[in-house]
> 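Structure in structure tokens, see below.
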Amino acid sequence: MDKHRVIVVGNGMVGHKYIEALLQEKRTDIEIITFSEEPRLAYDRVHLTSYFTGNGASQLALADEDYYRENGVKFVVSDKVARLDTQGKQVFTESGRIESYDTLVLATGSYPFVPPIAGNDGEHCHVYRTLEDLDGIEESSKLSQNGVVVGGGLLGLEAANAIKELGLETHVVEFAPRLMAVQLDTGGGALLRRKIESLGVNVHTEKATSEIVAGSNSRYRMNFADGSHLETDMIVFSAGIRPQDELAKGANIELGERGGIVVNDYCQTNLPDVYAIGECALWKGKIFGLVAPGYQMAKVAAEHLVGGKESGTVAFTGADMSTKLKLLGVDVASIGEVHDQTQGAQSYTFSDEIEQVYKRLIISEDGTKIIGAVLVGDAEAYGTLLQMKQNDLPLPSNPSVLILPNVAGDDSAGMGVDALPDSAVICSCFDVTKGDIKDAVQAGCNTMGALKESTNASTGCGGCSALAKQVLDSELLSLGVEVNNDLCEHFAYSRQALSDIVRIQQIKTFDELLNQYGSGHGCEICKPTVGSILASFWNEYILQNAHMELQDTNDIYLGNMQKDGTYSVVPRIAGGEITPDKLIVLGEVAKQFDLYTKITGGQRVDLFGAQLNDLPIIWQKLVDAGFETGHAYGKSVRTVKSCVGSTWCRYGVADSVRLAIDVENRYKGLRAPHKLKFAVSGCTRECAEAQSKDVGIIATENGWNLYVCGNGGMRPRHADLLATDLDESTLIQYIDRLLMYYIRTADRLQRTSVWLENLEGGIDYLKQVVVDDKLNLSAELEREMQSNINHYQCEWKTTLESPEKLKRFSHFINSKQRDNSLNFVSEREQRVPKLSKTQPSIEQSIDVVEIH
């Protein structure tokens with residue numbers, strides 16, 4: 001009997017997914033043949049940018065020729081299907097090949113939209129779609145100094161990252177008023193822009209290119225409709241996609257008014273035995289430009305074919321377009337409707353300008369359902385929020401806790417993974433439910449690697465990785481299995497275990513640790529974590545070439561980036577004590593550079609509004625005057641706050657200022673899993689607020705009382721009393737031990753307050769370790785702290801002595817020009833950033849600005 005012949009036109013990610021779905025049915029009566037106009041079989045376009053960072057075509061490959069051959073799949077590459085005969089059921093290729101079919105599946109995808117402007121076809125004008133496109137971009141980069149990406153959407157920012165990785169000065173030109181205009185609201189788009197610009201990518205919004213002509217100083221000049229222009233050597237167009245539907249046009253297959261092959265709920269076209277899936281398909285007037293909906297379509301079309309035309313057992317019902325990704329190292333997520341189109345909707349906004357985090361939660365008018373969410377800078381809550389929306393789970397009485405720090409994604413916020421129904425879709429790319437993961441665990445799956453292999457969960461876009469891991473861990477715990485707490489896929493160790501390895505093996509660089517104990521190239525989780533561990537134990541200059549790639553934006557530029565892209569200057573003022581001469585220097589610097597000046601809650605003077613190229617000049621003046629860096633940019637010891645103590649106060653029983661200065665000078669520069677704040681009060685009246693700090697010291701008539709693991713901010717925690725009536729020598733010993741034990745055992749980005757809450761045995765156990773030396777570690781912990789102290793250096797002083805490092809402090813490559821696009825207004829006789837006129841109206845607002 002002749003086999004039923006299925007031709008799949010297009011062997012991209014969706015076409016390959018359809019073939020896999022058919023093969024899983026193990027039908028011996030079906031023959032498959034697929035055509036690819038590219039010179040290779042399907043590969044991963046989601047991670048296309050990794051092609052520039054070491055992943056070759058073989059690492060990106062999804063389809064394997066041997067796999068196809070073993071399963072009887074015929075394939076043709078480098079041959080485009082040029083014409084269809086739907087009456088005779090044949091396809092014709094450009095090379096003259098003719099093949100007959102019983103069922104035809106069009107998986108032709110989309111093509112990049114290139115705006116119809118004069119000069120768009122230059123030799124160094126590219127699109128960003130295929131590996132061949134990337135090869136062309138790389139060749140152009142060798143002959144270029146700078147490059148422009150036209151389009152500020154998802155793919156455009158990926159392209160910008162690629163150009164930046166190639167070493168070019170990079171610009172993004174976007175027609176809309178913000179980046180990622182479809183996925184982000186005004187606040188999220190604004191923060192994304194600031195973060196991307198801080199990485200050295202120049203962003204130009206509300207720009208319509210009218211023509212591309214020869215440039216004066218560069219290869220091309222882009223003239224914009226508003227009269228401005230931009231010169232560049234290379235242009236990459238990434239301004240959206242259009243459905244690849246040309247085959248259907250001449251074959252009596254119905255198309256939408258604006259393109260796209262019209263399909264029903266089973267991905268059938270208007271012609272019998274012809275299906276369309278992926279980005280070429282138009283379902284109820286919608287084109288879906290993400291891989292997950294394409295995979296769903298592939299599954300529907302395959303099941304409809306093998307299940308019988310009238311079975312109706314499976315249907316495509318649309319797709320959630322929520323997405324989570326990392327753009328130029330910035331976490332970005334969008335869920336549901338974010339553009340205020342739902343009447344009566346309420347919103348909560350969390351904005352932390354210091355840590356550069358923006359979160360917005362939109363809920364229904366009656367407060368019972370999530371409508372949408374935007375997360376920029378911290379997308380940890382994505383999995384929780386998405387599941388609550390998709391499964392209509394009840395909201396906590398105060399929904400704001402879902403986006404607050406140290407709460408979002410926690411069971412205490414109202415939903416853990418145990419609350420999800422088995423039908424909850426965890427991985428939308430491969431339609432993997434919580435029930436599927438439970439079944440996999442029951443079958444013996446106990447690691448993320450095994451879960452990926454058995455279910456494909458998190459192997460698509462990767463946005464579900466955190467949630468899939470939570471479900472896996474929950475199911476393992478329910479079976480009494482020890483849970484894997486690996487730091488990430490590159491290190492099969494926890495942060496604590498890596499800390500021990502670094503310390504015991506005397507490992508000094510990330511590459512050395514990766515080569516001996518890890519795999520791959522590292523990621524945004526393990527690099528900063530290892531960077532912190534290395535700094536905690538060896539305290540080497542963080543801008544050494546070996547450590548540079550491990551640092552975030554603030555550490556790289558030794559200053560906190562602010563909301564307008566400028567930086568703050570925060571010199572150390574130990575204990576809050578400062579001489580008149582040093583005060584005068586701060587005033588002179590602030591006046592010379594027109595900086596906003598504020599005394600912080602940590603008793604320091606912050607100078608805001610410095611441009612990147614101003615920083616070395618400012619710090620040279622400060623270092624010459626005897627100031628040191630205040631480490632306001634690092635996960636490190638920030639301040640030791642003090643009252644005036646017995647020197648001036650009639651209630652003071654001890655010299656709190658002197659002790660605060662001694663303590664700050666002892667621990668300055670100490671890197672830790674998170675920032676550390678101290679305080680010293682000269683009596684129990686507690687004017688320095690020591691009991692809300694990570695380390696709080698209070699004077700009594702009998703000595704010093706030591707309080708530990710307190711925390712202010714969004715989740716206040718009163719510090720616990722660790723020891724009483726201490727002399728200074730014993731006090732310092734206990735602090736040494738406490739800090740090094742915390743550094744050794746805390747999780748990444750874990751404050752001391754959360755660390756103590758999670759420490760088995762709590763404060764009683766901590767007393768046994770620090771005070772009673774239960775683990776016989778005291779001498780070792782003290783030695784490690786002394787070693788760290790011995791290696792202290794002012795990072796700005798070291799930087800100023802290095803002409804090579806100073807090259808980083810420039811807004812523009814090969815130019816010493818200042819950034820003239822910054823807008824300021826005057827308030828209370830000081831210069832402050834001008835607020836955007838397009839700042840969103842917020843019904844309910846939670847604004848957090850964390851003071852150093």
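Numbers for residues simply follow the sequence, beginning at 1. Since the model is a prediction, treat every value here as computed from it, not as a measurement.
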> Determine whether L184 and L192 make a side-chain contact, defined as any pair of heavy atoms from C-beta on separated by less than 4.5 Å.
yes
> Any idea which heavy atoms bring K164 and L199 closest together, and the distance?
CE-O, 2.6 Å
> Would you kindly say whether D352 and Y358 are connected by a side-chain donor-acceptor distance under 3.5 Å?
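There is no such pair between these side chains.
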> Using 0.5 Å steps for rounding, measure from the CG atom of D694 to the CG atom of L676.
5.0 Å
> Is the shortest side-chain N to carboxylate O distance from R744 to D500 below 4.0 Å?
no
> Do F809 and W796 have ring centroids that are under 6.0 Å from one another?
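Ring centroids of W796 and F809 are less than 6.0 Å from each other.
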> Would you indicate whether the side-chain heavy atoms of V502 and K508 approach each other to under 4.5 Å?
no
> Are E174 and H204 packed together at the side-chain level, in the sense that at least one heavy-atom pair is separated by less than 4.5 angstrom?
no
> Might you work through the side chain to side chain contact (heavy atoms under 4.5 Å, CB included) test for T529 and L498, ending with a clear yes or no?
CA-CA 9 Å; T529 302; L498 283 178; 5.6 Å; no
> Would you check if there is a donor-acceptor pair between the side chains of E540 and H547 at a distance under 3.5 Å?
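Per modelled atom types, H547 and E540 side chains form a pair under 3.5 Å.
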> Scan Q551, R638, E795 and name whichever one has a side-chain hydrogen bond (donor to acceptor under 3.5 Å, both in side chains) with Y633.
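When Q551, R638, E795 are each tested with Y633, the side-chain hydrogen bond (donor to acceptor under 3.5 Å, both in side chains) holds only for E795.
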> Regarding N554 and K635, do their side chains bring together a donor and an acceptor under 3.5 Å, going by distance alone?
no
> Check whether any side-chain heavy atom of T323 sits under 4.5 Å from a side-chain heavy atom of M321, and report yes or no.
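Of all side-chain heavy-atom pairs linking M321 with T323, none is under 4.5 Å.
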> Within the supplied structure, the quantity of interest is the number of heavy atoms (other residues, nucleotides, ligands) at a distance under 6.0 Å from E453 CD; does it exceed 12?
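Incorrect, the count does not exceed 12.
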> Output, in order, the C-alpha distance, side-chain angles, deciding distance and verdict of salt bridge (Lys or Arg N to Asp or Glu O under 4.0 Å) for D331 and K195.
CA-CA 10 Å; D331 285 313; K195 291 180 80 72; over 6 Å; no
> Quick one, T629 and L558 - any side-chain contact, counting heavy atoms below 4.5 Å?
no
> Would you mind reporting whether R129 and R45 have side-chain heavy atoms less than 4.5 Å apart?
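Yes, at least one pair of side-chain atoms sits under 4.5 Å.
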> Can you tell whether the side chains of E524 and K527 come within less than 4.0 Å, N to carboxylate O?
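Looking at E524 and K527, the cut-off is not met.
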> Can you name the one residue among R178, R360, K359 that meets salt bridge (Lys or Arg N to Asp or Glu O under 4.0 Å) with D185?
R360
> Just by distance, with hydrogens left out, do N560 and S568 show a side-chain donor and acceptor under 3.5 Å apart?
no
> Applying side chain to side chain contact (heavy atoms under 4.5 Å, CB included), run through V425 and V432 and close with a yes or a no.
CA-CA 6 Å; V425 176; V432 180; over 6 Å; no
> Passes side chain to side chain donor-acceptor pair (under 3.5 Å), N456 versus Y295? Steps please.
CA-CA 12 Å; N456 284 324; Y295 281 176; over 6 Å; no
> Would you say the side chain of L131 lies within less than 4.5 Å of the side chain of L48, judging by non-hydrogen atoms?
yes
> Can you check whether Y382 reaches S322 side chain to side chain, under 4.5 Å on heavy atoms?
yes
> Assess the side chains of H171 and E169: does a donor N or O sit below 3.5 Å from an acceptor N or O?
yes
> Are a donor atom and an acceptor atom from the side chains of Y541 and S802 found within less than 3.5 Å of each other?
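S802 and Y541 do not have a side-chain donor-acceptor pair below 3.5 Å.
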